[in-house]
Structures are given as structure tokens and as C-alpha cells.
Amino acid sequence: MAKKKVAVLFGGVSADHNASLKTAYSVLNGIPKDIYEPMPIGITRAGRWLFYPGAYENILDGSWETDSDCCSCILSPDALHKGVVKILPDGSSSISRVDAIFPVLHGKYGEDGRIQGLCRMTGLPVIGNDMSSANITQDRKLTNIVLKDAGFDVADYMTLSRDEIDDIESAMEKVMKSFSFPLYVAATSCSSSIGAYRAENKEQLCEAIKTAFSHHPVIIIENELKGRIIECAIITRERAEDYIELGELVPDADTDSSEFVAATYDFVIPAALDSDMAQKVKEVAKSAFKVLSCRCYARIDLLLCEDKIYVRRVRGVPGLEDNNIFTRLMTNSSFEYSEMLDYLISSAIDKR
């Protein structure tokens, strides 16, 4: 049986470029080569699309871009020629047909629906969420609006637009009138590691607001919630069982914990929940997954706070490094790493 060709898109123009390189390295090495033939396509920080036929090790440090065998390429939207158009240095071109597209891009331009919409135009199966669900889950404001309207518990929040920074004092008064410190400030449409800050006083709030706005024109501000941080990984497939796994991030006793701010955690798998609570958490996560129209897979961050389960974040393109939270949850009990990738790819191809 002929191998299925899978175009793996990595890199990108976002601040999460390096994170995507690490994910791509793991995915490209982990894809079972007896079933699939991966085709690496890297996007530089400047936005160039390059077909990369070289060693995967060079992806990690970014040196893949200088490989002399790289050539420009584009995805063909032509229904007759579904695949990748390679543009050679002499101006000639050739088409390499592929069977599926696997975007492993993070942050803006990777998780926000733009690349998903472009991929869909090819008419090829795409691993992961579609344009609309990717856009909603990447934007924390949109995520909260949809979830709150559907009856889910979300943290109290406020958003500010960039034009409000013209009067930063009034903006801060508006925030401090509604919330008390500590506060968490982040760009609404970036990954949680970009443009995210914890503010314990007015001076830190001012700096956090200015910096967050440098990443995105809308920012979100939340009060601190104390509770247990539960991570949920979900993989779904039509006419097959759902795989839902739970783990818990346990911060050091002297650490100010937040999904926005880097801290030291122990990651406990499975989460130490009794069977009833574990089932309740899974039901909340799966319901949020459906309400946001997610498909294929997602990582959902939840917070157990007294008698409530808060949905904090839904990651429509979770990192797939072999030591990432999503991967560790799935490979702890459901799959080997290569089996997980096979399941994700085949579910998209079979759905076509």
C-alpha cells in the first residue's frame, strides 16, 4: 500500500516561532514512516514558505532555512491539483500531491484560524480545528463570551482596547474600580507565554497594560482565582470513542501560580480526583469542546474552585512535543507517541 503524504507546516511569523520548531521536530520524527511520508514545509519569520528536504535536527536551531536544497512553495487551491507547488530557482514549478495537511504552528497566524482557512481552501484534509473554532479558541475574549453564554463558569474579566491607552490613568482607574490586586494581564489573541503579566500594584499594572498592547490591540484583565489547576487533553473521532485524560499542575508552595505567568509545577498524572469529580470535570471539558465547535483535538485548562469548575482556556492547537502537557496526558494511558500521531492524521483523512 502506498504511503500517505502529509505536509507538515511549521515555523511561522508569530512570536511562538521557536515553539513551533520544537513541535515540528517531535512530530516529524514521531510520524510512523511505514504509513506516512512527511513533507516538511517551513515558514520563516519573514513569511517565506519553503519546502525543506533536509535533516530534522536542523529545524531545532533554525538552520533549516539556509539549506541549499530548500525551495519556495505554496499550497495549491486548485481542486484538480491538490498539493504543494514547488517553485524552483530557475522559475519552473512542479506539483507534489499530498493527502493531508498538518499545521503545527503556534500563536498568531498559526492558531487563530487564518492558516486553517487557507488550508481548507486546498480541499485537503487538515489535522486539527477548522477556521471558526480556531479563531474563537485563540481569542480569550471570544472564548469567554461563547462559554459564558452557554452557561459555563469563567473567571470575571475585563477587556481594554488599544485606544484606551491614550488615557492610561482612566484605563487603570476603570480596572481597579472593578478588580483588586493581584491582577493578570494578557493579550487576548496570543499564546499564554506571550504578552502575559501579573500585576500586584498600580505601577506594575501600568507596565503590564502597555506591554500587552504591544502584542495585540485588545487585552484581557482578570482577578486572581485560587484553586486546583486541572489539565484536560481531548481527542475525538467520528463514530469512535473519545479519549479524555486529566492531569493536575501542582505549584510550589511559595509560587504565585497563574496560567499566564511561568512558575514551577509538578505535573501529576492522573489528577488526584475521586471518580465522581473526575467524571464531572471530563463532562465539563467535553461540553466546552463541543460548544466551541472544536474537532479532532484540544487541550482544555480548568480550575477547581470550591464547588465550581472554571474553564480557563481552550487550546485548539496544543503543543505536540513528546514532553508537552497534551502529549504526556495522552501517552500516559491511551497511546504511544507515534500511535497518537497516526490516530490524529488518519482521523482527518478518513473523514474526507
Side-chain angles (χ1 to χ4, degrees), residues 12-20 22-23 105-112 134-145 147 154-162 164-165 168 171-172 174-176 178-227 229-231 249-252 254-265 267 298-303 305 310-319 321 324-326:
V13 299
S14 80
D16 294 279
H17 182 95
N18 286 339
S20 176
K22 294 176 181 178
T23 298
L105 300 156
H106 298 305
K108 288 197 295 185
Y109 308 103
E111 297 181 52
D112 60 6
N135 178 255
I136 292 171
T137 56
Q138 175 65 4
D139 189 313
R140 295 181 62 88
K141 178 181 178 180
L142 291 179
T143 300
N144 282 354
I145 289 172
L147 290 174
V154 299
D156 290 335
Y157 70 96
M158 174 186 294
T159 59
L160 297 175
S161 56
R162 187 174 284 160
E164 293 180 87
I165 201 173
I168 189 68
M172 287 193 296
K174 177 181 176 181
V175 172
M176 293 186 294
S178 300
F179 300 118
S180 57
F181 293 105
L183 296 171
Y184 298 116
V185 182
T188 58
S189 191
C190 290
S191 68
S192 58
S193 61
I194 303 297
Y197 304 90
R198 186 177 193 268
E200 296 187 352
N201 52 53
K202 184 177 180 179
E203 290 72 24
Q204 291 180 1
L205 176 63
C206 181
E207 187 63 28
I209 289 174
K210 291 178 180 179
T211 308
F213 273 133
S214 70
H215 294 281
H216 195 67
V218 181
I219 66 173
I220 187 168
I221 300 170
E222 294 182 358
N223 236 149
E224 181 178 54
L225 281 175
K226 293 290 188 180
I229 305 170
I230 305 298
E231 298 289 348
L249 286 173
V250 182
D252 287 349
D254 59 350
T255 297
D256 292 316
S257 62
S258 166
E259 64 164 313
F260 291 141
V261 182
T264 302
Y265 295 94
F267 188 39
R299 171 183 154 193
I300 300 181
D301 304 343
L302 306 113
L303 189 75
C305 186
Y310 289 88
V311 181
R312 298 302 306 276
R313 179 136 196 190
V314 180
R315 303 168 196 264
V317 185
E321 292 176 71
N324 184 271
I325 285 176
F326 179 91

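Note that this is a predicted model, so its numbers are computed, not measured. Computed over heavy atoms, backbone and side chain alike; hydrogens, waters and symmetry mates excluded.
The side-chain heavy atoms of Leu303 and Ile229, taken from C-beta on, include a pair separated by under 4.5 Å. With contacts defined as side-chain heavy-atom distances shorter than 4.5 Å, the pair Val185/Leu205 qualifies. Under the 4.5 Å side-chain criterion, counting only non-hydrogen atoms from C-beta, Leu249 is in contact with Ile325. When side chains are defined from C-beta on, Asn144 does not count as touching Thr159, because their heavy atoms never get closer than 4.5 Å.
Interatomic distance, Asp301 CG to Glu231 CD, rounded to the nearest 0.5 Å: 4.0 Å. Once rounded to the nearest 0.5 Å, the distance linking CG of Asp156 with CD1 of Ile221 reads 13.0 Å. Separating the CD1 atom in Ile209 from the CE atom in Met172 is a distance of 6.5 Å, to the nearest 0.5 Å. How far NE2 of His215 is from OG of Ser189: 12.5 Å, rounded to the nearest 0.5 Å. Note that CG of Leu105 and OG1 of Thr23 are 9.5 Å apart. Values are rounded to the nearest 0.5 Å.
In terms of heavy-atom proximity, Gly107 sits nearest to Ser14 at CA-OG, 4.1 Å. Here the closest non-hydrogen pair linking Tyr310 and Cys305 is CE1-CB, 3.6 Å. Taking every heavy atom of both residues into account, Arg140 and Ala187 meet most closely at CD-O, 4.3 Å. Between Glu200 and Pro182, the shortest heavy-atom distance links the atoms CG-CB, 4.3 Å. Phe181 and Ala199 get closest at one heavy-atom pair: CD2-O, 3.4 Å. When all heavy atoms of Ala155 and Leu225 are compared, the closest pair comes out as CB-CD1, 3.6 Å.
A distance-only check finds a donor-acceptor pair linking the side chain of Arg162 to the backbone of Phe213 [under 3.5 Å]. In terms of modelled atom types and a separation under 3.5 Å, the side chain of Asn135 and the main chain of Asp112 share a donor-acceptor contact. Remark: the backbone N or O of Arg313 is not paired with any side-chain donor or acceptor of Thr143 at under 3.5 angstrom. The backbone N or O of Leu142 sits less than 3.5 Å from a side-chain atom of Asp139, completing a donor-acceptor pair. In terms of modelled atom types and a separation under 3.5 Å, the side chain of Thr188 and the main chain of Ile219 share no donor-acceptor contact.
Every residue meeting the side-chain contact (heavy atoms from CB on, under 4.5 Å) condition with Ser161, not counting sequence neighbours, appears here in chain and number order: Asp163, Glu164. Scored by the side-chain contact (heavy atoms from CB on, under 4.5 Å) test, Glu207 finds Thr211 as partners (sequence neighbours excluded).
Ion pair Glu111/Arg315 not flagged as a salt bridge, since none of the NZ, NE, NH1 or NH2 atoms sits closer than 4.0 Å to an Asp/Glu carboxylate oxygen.
Other residues, nucleotides and ligands contribute more than 12 heavy atoms inside 6.0 Å of the NZ atom of Lys202.
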